[in-house]
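From a predicted model like this one, the values you see are computed outputs, not experimental measurements. We number each residue from 1, following the sequence as shown.
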Amino acid sequence: SIPATVKINGYTFKVTAIADSAFSGCSKLTKVTVGSNVKAIGNKSFYKCTKLTTFTASSTGLNKIGKEAFSGDKKLANITLKTTKLKKSGVGKDAFKNIKKNATFKVPAKKVSDYKAIFKSKGAGKNIKIKDIDESSSLSIEAPVGVLREIQRHYITLRDHLWRTGVLGVIPILEGDSADDWIDKK
């Protein structure tokens, strides 16, 4: 993860850019999440990160993706960009060259058409898919582990309750080895 801010000697600084070649050739990198303050991704920032599969930029102000930023990331299949600020001139030559041929880009609904043309012109193949970000089903939480466990516990309880009451269209029969896994089992 590349955070929205960093704290150094008691001072907080916004992370606004990813430097040229910052992660170039990082063969162990598989997933990247970029913080909300990043406005620029430098040239070759993620060049030939051969195991990178997922890239998410939560920044709505991202307006620059440098030359060959993701070029050679052959497994890069899922790219989510929440920005509406990208223009063709702000995306460098071959930025998406040689990523996975049928990669899926998730972008704001009003930018699907524009971004499809931009990404294809910057090296992404003709088989890419561009989908709108469905904000109603997306959730991003940053919290201490204990808080996340508590949220997970409540989610599981709600899911189990909905399942058992038939709201989801079926009522389970709770028997066998896994029956005790249900939090609200009576």
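In this structure, Leu86 and Val91 have side chains that are in contact, with non-hydrogen atoms separated by less than 4.5 Å. Looking at heavy atoms from C-beta onward, Ile79 lies in side-chain contact with Ile99 at the 4.5 angstrom threshold. Counting heavy atoms from C-beta outward, Val32 and Ile2 have side chains that approach closer than 4.5 Å.
The hydrophobic cluster containing Ile18 also contains Val15, counting ILVMFWY residues as joined when their side-chain heavy atoms lie under 4.5 angstrom apart, directly or transitively. Hydrophobic clustering places Leu81 together with Leu29 (ILVMFWY residues linked when any side-chain heavy atoms are closer than 4.5 Å, directly or through intermediates). Val112 and Ile128 fall within the same hydrophobic cluster, defined by Ile, Leu, Val, Met, Phe, Trp and Tyr side-chain heavy atoms under 4.5 Å apart, directly or through other members.
Applying the ring-ring contact (aromatic ring centres under 6.0 Å, His included) test to residues at least two apart or on different chains, the pairs with a partner in residues 70-107 are Phe46-Phe70, Phe55-Phe70, Phe70-Phe96, Phe96-Phe105, Phe96-Phe119, Phe105-Phe119. For residues 86-109, no pair satisfies salt bridge (charged side-chain N to carboxylate O under 4.0 Å, His left out), with sequence neighbours left out.
Considering CG of Asp73 and SG of Cys26, their distance stands at 10.5 Å, rounded to 0.5 Å. For the atom pair Thr104 OG1 and Lys129 NZ, the distance stands at 4.5 Å (nearest 0.5 Å). Of the inter-residue distances, the one linking Thr53 atom OG1 with Lys31 atom NZ reads 8.5 Å to the nearest 0.5 angstrom. Here the CG atom belonging to Asp114 is positioned 10.5 Å from the OG1 atom belonging to Thr84, to the nearest 0.5 angstrom.
Heavy-atom neighbours of Lys120 NZ from other residues, nucleotides or ligands within 6.0 Å: above the threshold of 12. In this structure, Phe13 places its CZ atom where more than 12 heavy-atom neighbours from other residues, nucleotides or ligands lie under 6.0 Å away.
Between the side chain of Thr83 and the main chain of Lys85, a donor-acceptor pair closer than 3.5 Å is present. Without hydrogens or angle criteria, Asp132 side chain to Pro108 main chain gives no donor-acceptor distance under 3.5 Å. Listed for the Asn37 side chain is a donor-acceptor partner under 3.5 Å among the backbone atoms of Ala4. A donor-acceptor contact shorter than 3.5 Å links the side chain of Ser45 to the backbone of Ala19.
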Applying side-chain contact (heavy atoms from CB on, under 4.5 Å) to Val107 and Ile130, what does each step give before you reach the verdict? CA-CA 7 Å; Val107 300; Ile130 308 284; 3.8 Å; yes

Sequence neighbours excluded and cut-off under 3.5 Å, please list the side-chain donor-acceptor pairs for residues 57-68, or say none.
residue : atom : partner : partner atom : Å
Ser58   : OG   : Val34   : O            : 3.0
Ser59   : OG   : Ser36   : O            : 3.4
Ser59   : OG   : Val38   : O            : 2.6
Ser59   : OG   : Gly61   : N            : 3.1
Ser59   : OG   : Leu62   : N            : 3.3

